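Step one of this worksheet: look at the structure below.
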Amino acid sequence: MNCAFYLLRTRYQMAATSANSLSIRSKTRSLPQSNPHGIKFNSQNHLHYNFKSSFLGYKITTTHQQTLTQTQSKTLKVNASFKVAILGAAGGIGQPLSLLIKMSPLVSDLHLYDIANVKGVAADLSHCNTPSKVQDFTGNNELSNCLKDIDIVVIPAGIPRKPGMTRDDLFNINANIVKSLVEAVADNSPNAFIHIISNPVNSTVPIAAEILKQKGVYNRKKLFGVTTLDVVRANTFVAQKKNLKLIDVDVPVIGGHAGITILPLLSKMKPNVSFTDDEIEELSVRIQNGGTEVVEAKAGAGSATLSMAYAAARFVESCLRALDGDSDVYECAFVESEITELPFFASRVKIGREGVEGVVSSDLEGLSEYEKKGLEALKGELKGSIEKGVAFANKEK
Ligand SMILES: NC(=O)c1ccc[n+]([C@@H]2O[C@H](COP(=O)([O-])OP(=O)(O)OC[C@H]3O[C@@H](n4cnc5c(N)ncnc54)[C@H](O)[C@@H]3O)[C@@H](O)[C@H]2O)c1
Ligand SMILES: O=C(O)C[C@H](O)C(=O)O
């Protein structure tokens, strides 16, 4: 099975640390390490790497890399020891995401939960000869079993947009779905990393935080709004526009995940590329409207599912690497943050075994005039969405 996934790997130096908030400043920064790769599973479930590369960007240790350089081909034993649960696994995102996570060599157990049609999805997926054991769960009675001893919970449950809708139009239905699922996560896997995909992310993440607080198990380091798709889109659109090798392109995207709250930082991208003002405007608007572009093309049949599954799988894989002890994992995510005056903000974060170890605060320094204006313009909308989520979670306490 050959797949092409990309690893974003950057190096930063920790500048200041405190118990609750780390600030990371970029000092030396390598280009993204994005290696297309070939991977095979043999009959013992050992992985056979064809190149100096790995599944979904799983980073091979230096020792392994040296060995691989010498032999060009080597069988590695990878410890499949992490348990992942997907809530909303039978949906448009849930199904391809489940497949991508089923391919991960780091996952021992894959728990699929949905209110409908999940049995067939799990039966189908379970025939793939990759390490993880797949189990299906449905209905409230099975949710707690689904969530026992889970390391990462991914939540794509909820309704998608139709043309003409904003993400905020999904609030009334999805807020309740996220609330009830996060309550179950709090009761059954309070130490898990939680990845929220359900829109509107700018509100559903604050809802999740409030629910976890009410349950007395909130750990700000382990709650993530998944904004990886914005980065994936930015990398793709910029590489196309400037005729760059995709493997080299790394565009940080900050703020939130809706309209103007999505702020790509073209001045901070790698490689260092110059843009005309028109190019900056055109690219920024396209990245901000990427979701709408797909919603309109699907013409009522939903929103991005395949690219979202790809992006979410990349984020899960990064967190698995962090849990597995990789100390060099950076991704953009919407997290509780002190990088601005807003309580939640998407930026690059360093992820470790215990979750967010710090935010890359230097990304907000030295912004272009266009980015500075964009940053100020997004704050009002993002603040409103965060407050709406917090108010919802606390209204019936
Ligand atoms: N964060 C992002 O970048 C991003 C990108 C794309 C889509 N999304 C959002 O992801 C969500 C899902 O999109 P989709 O296209 O997969 O939708 P979908 O309708 O295809 O799938 C949603 C799934 O959730 C299930 N579900 C509903 N209520 C549930 C509950 N209480 N418990 C468990 N499962 C439940 C449904 O049965 C369905 O299988 C939407 O809210 C969409 O806006 C976010
Ligand atoms: O646009 C949407 O509604 C789905 C998602 O948030 C996206 O960015 O594709």
Side-chain angles (χ1 to χ4, degrees), residues 85-98 111-122 136-144 146-147 153-185 195-205 207-208 224-234 236-237 253 255-259 261-262 286-298 300-316 331-334 346 385:
I86 302 178
L87 312 183
I93 297 167
Q95 290 201 36
L97 176 57
S98 301
H111 288 189
L112 306 184
Y113 176 82
D114 204 299
I115 51 170
N117 303 328
V118 73
K119 204 174 181 57
V121 174
D136 62 281
F137 302 84
T138 194
N140 260 339
N141 293 344
E142 296 184 8
L143 184 53
S144 50
C146 169
L147 290 168
V153 181
V154 191
I155 308 186
I159 57 162
R161 284 200 282 164
K162 290 189 187 317
M165 292 172 81
T166 66
R167 291 177 183 81
D168 188 58
D169 292 334
L170 307 172
F171 186 98
N172 288 344
I173 294 177
N174 289 354
N176 282 300
I177 293 173
V178 169
K179 176 175 181 284
S180 66
L181 292 174
V182 172
E183 281 169 351
V185 175
H195 295 182
I196 307 274
I197 294 173
S198 318
N199 270 318
V201 166
N202 292 354
S203 300
T204 51
V205 172
I207 290 172
F224 304 87
V226 181
T227 59
T228 324
L229 181 53
D230 300 316
V231 175
V232 165
R233 285 178 176 142
T236 306
F237 301 161
V253 183
H257 178 69
T261 72
I262 299 167
R286 181 157 185 224
I287 294 160
Q288 289 170 336
N289 288 337
T292 306
E293 189 176 312
V294 178
V295 168
E296 284 170 0
K298 291 198 174 182
S303 55
T305 54
L306 303 174
S307 52
M308 182 60 230
Y310 168 81
R314 163 177 153 169
F315 192 65
V316 169
E331 287 283 359
C332 285
F334 185 65
S385 300

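Small disclaimer: the values here were computed from a predicted structure and weren't measured. Start at 1 and go down the list; that is how both ligands and their atoms are numbered.
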With heavy-atom distances below 4.0 Å as the criterion, list the atoms of ligand 2 near [X].
X: Ala304; result: 9 (O)
X: Ser303; result: 2 (C), 3 (O), 4 (C)
X: Gly291; result: 1 (O), 7 (C), 8 (O), 9 (O)

If I apply the N/O under 3.5 Å rule, does [X] come out as touching ligand 1?
X: Val226; value: yes
X: Ser180; value: no
X: Ile197; value: yes

query: Can you tell which of Thr204, Ile207, Ile196 makes a side chain to side chain contact (heavy atoms under 4.5 Å, CB included) with Val182?
result: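 Running side chain to side chain contact (heavy atoms under 4.5 Å, CB included) over Thr204, Ile207, Ile196 with Val182 returns exactly one hit, Ile196.
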Heavy-atom contacts with [X] under 4.0 Å: which atoms of ligand 1 show up? List them by number with element.
X: Thr305; answer: 15 (O)
X: Pro156; answer: 11 (C), 12 (C)
X: Gly88; answer: 24 (O), 34 (N)
X: Tyr113; answer: 32 (N), 33 (C)
X: Leu170; answer: 43 (O)
X: Gly92; answer: 16 (O), 18 (P), 20 (O), 21 (O)
X: Val201; answer: 1 (N)
X: Leu181; answer: 32 (N)

query: Just wondering, do Asp114 and Thr138 contact through their side chains at under 4.5 Å, heavy atoms?
result: no
[atom]: nearest protein contact (heavy atom, Å):
atom: atom 6 (C) of ligand 1; result: Ala304 O, 3.3 Å
atom: atom 9 (O) of ligand 2; result: Arg233 NH2, 2.7 Å
atom: atom 41 (O) of ligand 1; result: Ile159 O, 2.8 Å
atom: atom 5 (C) of ligand 1; result: Met308 SD, 3.1 Å
atom: atom 10 (O) of ligand 1; result: Ile93 CD1, 3.4 Å
atom: atom 3 (O) of ligand 2; result: Arg161 NE, 2.6 Å

query: Is it true that atom CG of Asn289 has more than 12 heavy atoms of other residues, nucleotides or ligands lying nearer than 6.0 Å?
result: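 Enclosed: over 12 neighbouring heavy atoms sit under 6.0 Å from CG of Asn289.
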Below 4.0 Å from ligand 2: does a non-hydrogen atom of [X] turn up there or not?
X: Met165; value: no
X: His257; value: yes
X: Leu229; value: yes

message: Does ligand 2 come near enough to Asn199 that some N or O of the ligand is less than 3.5 Å from an N or O of the residue?
response: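 Yes, there is a polar N/O contact under 3.5 Å.
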Heavy atoms only: which of [options] lies closest to [atom]?
atom: atom 7 (C) of ligand 2; options: Lys162, Gln288, Arg167, Glu296; answer: Arg167
atom: atom 38 (C) of ligand 1; options: Leu143, Asp114, Val118, Thr228; answer: Asp114
atom: atom 17 (O) of ligand 1; options: Gly302, Ala312, Gly91, Gly158; answer: Gly158

- line: Logged contact type for His257 with ligand 1, heavy-atom cut-off 4.0 Å, is side chain
- request: Go through the steps for Phe334 and Asn202 under the test side-chain contact (heavy atoms from CB on, under 4.5 Å), then give the verdict.
  value: CA-CA 8 Å; Phe334 185 65; Asn202 292 354; 4.2 Å; yes
